[in-house]
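Owing to the predicted nature of the structure, the values given are computational and were not obtained by experimental measurement. Whatever order the structure lists ligands and atoms in, that order sets their numbers, starting from 1.
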Amino acid sequence: FTSSSTRPGLHIIHIAAEMAPVAKVGGLGDVVTGLGKALQKKGHLVEIVLPKYDCMQYESIKDMKALDVVVESYFDGRLYKNKIWTGTVEGLPVYFIEPQHPGKFFGRGQLYGEHDDFKRFSFFSRVALELLLHAEKKPDIIHCHDWQTAFVAPLYWDLYVPKGLDSARICFTCHNFEYQGTAPASELTSCGLDAYHLNRPDRMQDNSANDRINSVKGAIVFSNIVTTVSPTYAQEVRTAQGGKGLHATINSHSKKFVGILNGIDTDAWNPASDNFLKVQYSASDIEGKLENKEALRRLLGLSSSEIRRPLVGCITRLVPQKGVHLIRHAIYRTLELGGQFVLLGSSPVPHIQREFEDIRNHFQNHEHARLVLKYDEALSHLIYAASDMLIIPSIFEPCGLTQMIAMRYGSIPIARKTGGLNDSVFDVDDDTIPDQFRNGFTFVTADEQGFNNALERAFNYYMNNAETWKELVQKDMNIDFSWDSSASQYEELYDKAVLRARTASRS
Ligand code: ADP
């Protein structure tokens, strides 16, 4: 185990279900790595605890080895052994937990979407704390993320503080309040929590069903710090419409609740050094962007006859949250306006996947539109670099990373003003925003008309004013979306929580 006693700074342990690039489904994976790296750079000891999935990108893990220890953990009335692996991902020390449970919890070929997800992740949350206890860790902060590791908060106070793992304050970040991890109250007992004691309206009871518990609610109640991933989303979830049933809980814990905009990992997302691109480029030399556009067109079999035909990209999970009806509409509208469209996306929702497969087939040989319906990290990089515009017409968007990545690659965002998009994309035509912050095209109403207005204005700028467009591209590429300032905000929250704990223990 890593020794932690002599390091300056705080000892921060993230317990999470995702970490880019080894185990990533969406933004959560990017945040764990990006925030972790930024905090490490500021002199803190940062460690990560992850499940050892069978479907991880193992080639991105350095020095992976099994430890000569077995951690036994309680579940469903008995103890199960867990094999512990360590390795380094993006310079961060990671513990991987491999349960020796007959349910083969992390050997399913996918991270989520299994019938027993609640069981799998409540099991994982418990082993993660058992590992910290066993390894005699004395973290200052245990940071858990989303419903999958929300169990850590009640487990910590109810079971692990009494066992002596008591040095930490708990920080919980909710990356999306749509996913709350609810189950019949009795299922909570599997991981050792007391369902009778916790199934109360002021604790873990789901706000809309008194025989169910809600793990995200539990983490809100039992954490010292609760954050979400943008200031606007933090406001939205405090309303009945945005809180998905948790607004009352969030409001009654509002003192410890704050929205901090995510950053992006500017090393991983850097057009000047990105090996996935045909040609690297930078804000001071954007010619390379055109070569990437050509490369993408060739790769996907799109027409290259006009270099300046605008290329509109979309990189997303195809779920209702992302505005799938507007994404579908955008393909047709872009073609009508004389542009090219590339979609990279896949859907966990079978009817949406089928619908987009039909559209993909329809455009199979089209010279100006291509749909690639899979998850493809390498292709995503090339699309960010190649496209002139990127659409993000989300119905709601806790933070959103694609608009920031797009800007870093000089692709201008066309986004709906919601959540983190509202905190990072500012309309070029909005006179109420200082000129230096205007960086894209936005719309408010989530309908075709609203979207058309933004897309058409973007096309007009692009077609009629090449020089202004180029300036906009360069301006966007120079915006600082690194984790630096967001990580400082987390650091401040951690410091305050640790200080409060120390003051309290002295008095
Ligand atoms: P969410 O977390 O809701 O999926 P975000 O915008 O926060 O949305 O993060 C999405 C991340 O996943 C980005 O890094 C984006 O590039 C990546 N991504 C989404 N879909 C795909 C895909 N089909 N292939 C490759 N990367 C994808």
Side-chain angles (χ1 to χ4, degrees), residues 16-35 57 90 110-113 145-148 173-179 228-230 232-233 259-271 274 276-277 296 300 313-324 327 342-349 352-353 356-357 360 370-387 390-409 411 413-416 418-425 481 483 486:
E18 291 186 36
M19 180 187 191
V22 291
K24 168 176 158 179
V25 172
L28 166 63
D30 292 306
V31 172
V32 171
T33 306
L35 175 61
Q57 198 179 298
E90 300 275 311
Q110 61 176 0
L111 271 58
Y112 320 125
H145 299 264
D146 278 354
W147 78 263
Q148 291 89 349
T173 297
C174 187
H175 299 253
N176 191 335
F177 280 94
E178 176 134 293
Y179 308 104
T228 191
V229 289
S230 71
T232 297
Y233 189 56
I260 300 176
L261 192 71
N262 288 335
I264 56 171
D265 183 337
T266 45
D267 301 328
W269 298 109
N270 183 359
D274 190 329
F276 291 119
L277 307 189
L296 180 71
L300 299 179
C314 180
I315 299 173
T316 188
R317 291 182 299 125
L318 290 165
V319 289
Q321 171 201 336
K322 302 291 180 182
V324 276
I327 294 171
V342 172
L343 170 74
L344 174 62
S346 65
S347 186
V349 186
I352 299 180
Q353 180 74 14
F356 276 82
E357 277 167 5
R360 175 195 63 195
R370 197 66 73 240
L371 278 67
V372 183
L373 301 180
K374 61 174 179 181
Y375 184 91
D376 188 332
E377 181 80 23
L379 184 58
S380 78
H381 285 245
L382 187 57
I383 296 174
Y384 285 119
S387 56
L390 193 99
I391 61 155
I392 316 109
S394 302
I395 306 305
F396 74 94
E397 190 59 77
C399 176
L401 298 175
T402 61
Q403 77 280 15
M404 299 190 226
I405 302 170
M407 286 190 255
R408 180 132 170 94
Y409 283 72
S411 175
I414 299 172
R416 187 162 168 265
T418 179
L421 297 168
N422 184 54
D423 297 321
S424 55
V425 185
F481 285 117
W483 267 101
S486 304

Closest protein heavy atom to atom 6 (O) of ligand 1, given as residue, atom name and distance to 0.1 Å: L401 N, 2.9 Å
Protein heavy atom at shortest distance from atom 11 (C) of ligand 1: D30 OD2, 3.8 Å
Identity and distance of the protein heavy atom lying nearest atom 22 (C) of ligand 1: Y375 CD1, 3.6 Å
Ligand 1 contact on H175 by region, counting heavy-atom pairs under 4.0 Å: neither
Nearest heavy-atom neighbours spanning T316 and I327: CG2-CD1, 3.9 Å
Heavy-atom gap C399 to ligand 1 smaller than 4.0 Å: no
Interfacing atoms of ligand 1 (cut-off 4.0 Å, heavy-atom, Y384): 15 (C), 16 (O)
Main-chain N/O of P393 paired with E397 side-chain donor or acceptor, under 3.5 Å: no
For D274 against A268, the heavy-atom pair lying closest together: OD2-O, 4.4 Å
Side chain, backbone, both or neither: the part of N176 lying under 4.0 Å from ligand 1 by heavy atom: neither
Top protein contact for atom 18 (N) of ligand 1, by heavy-atom distance: I315 CG2, 3.9 Å
Atom 14 (O) of ligand 1: the protein heavy-atom neighbour that sits closest, reported with distance to 0.1 Å: K24 NZ, 3.0 Å
Ligand 1 atoms in contact with G345 (distance to a heavy atom under 4.0 Å): 23 (N)
Short side-chain to backbone donor-acceptor contact, S387 and S411, under 3.5 Å: no
Parallel, tilted or perpendicular, as decided by the 30° and 60° cut-offs, for the rings of F396 and Y233: parallel
Within-4.5 Å side-chain heavy-atom neighbours: M404 and L261: yes
Which segment of N262 sits under 4.0 Å of ligand 1 when only heavy atoms are counted: neither
Where ligand 1 meets G26 - atom numbers and elements under 4.0 angstrom, heavy-atom basis: 2 (O), 4 (O)
Check: T232 side chain, G420 main-chain N or O, donor-acceptor pair, under 3.5 Å: no
Sidechain-backbone polar pair: E18 side chain, G26 backbone, donor-acceptor under 3.5 Å: yes
Element-labelled atoms of ligand 1 that are located less than 4.0 Å from some non-hydrogen atom of R317: 1 (P), 3 (O), 4 (O), 20 (N)
D146 side chain to Q148 backbone, donor-acceptor under 3.5 Å: no
R408 side chain vs P271 backbone, donor-acceptor pair below 3.5 Å: no
I405 neighbourhood, listing ligand 1 atoms whose heavy-atom distance to it stays under 4.0 Å: 14 (O)
Residue-ligand contact K322/ligand 1, heavy atom below 4.0 Å: yes
Identity and separation of the nearest protein heavy atom to atom 9 (O) of ligand 1: G27 N, 3.4 Å
Approximate separation, where rounding is to 0.5 Å, of L344 CG and I383 CD1: 4.5 Å
Distance from atom 20 (N) of ligand 1 to nearest protein heavy atom, with residue and atom: T316 C, 3.5 Å
H381 and W269 aromatic ring geometry - parallel, tilted or perpendicular at 30°/60° bounds: parallel
Region of D376 that comes within reach of ligand 1 [heavy atoms, distance under 4.0 Å]: backbone
Closest protein heavy atom to atom 23 (N) of ligand 1, given as residue, atom name and distance to 0.1 Å: K374 O, 2.9 Å
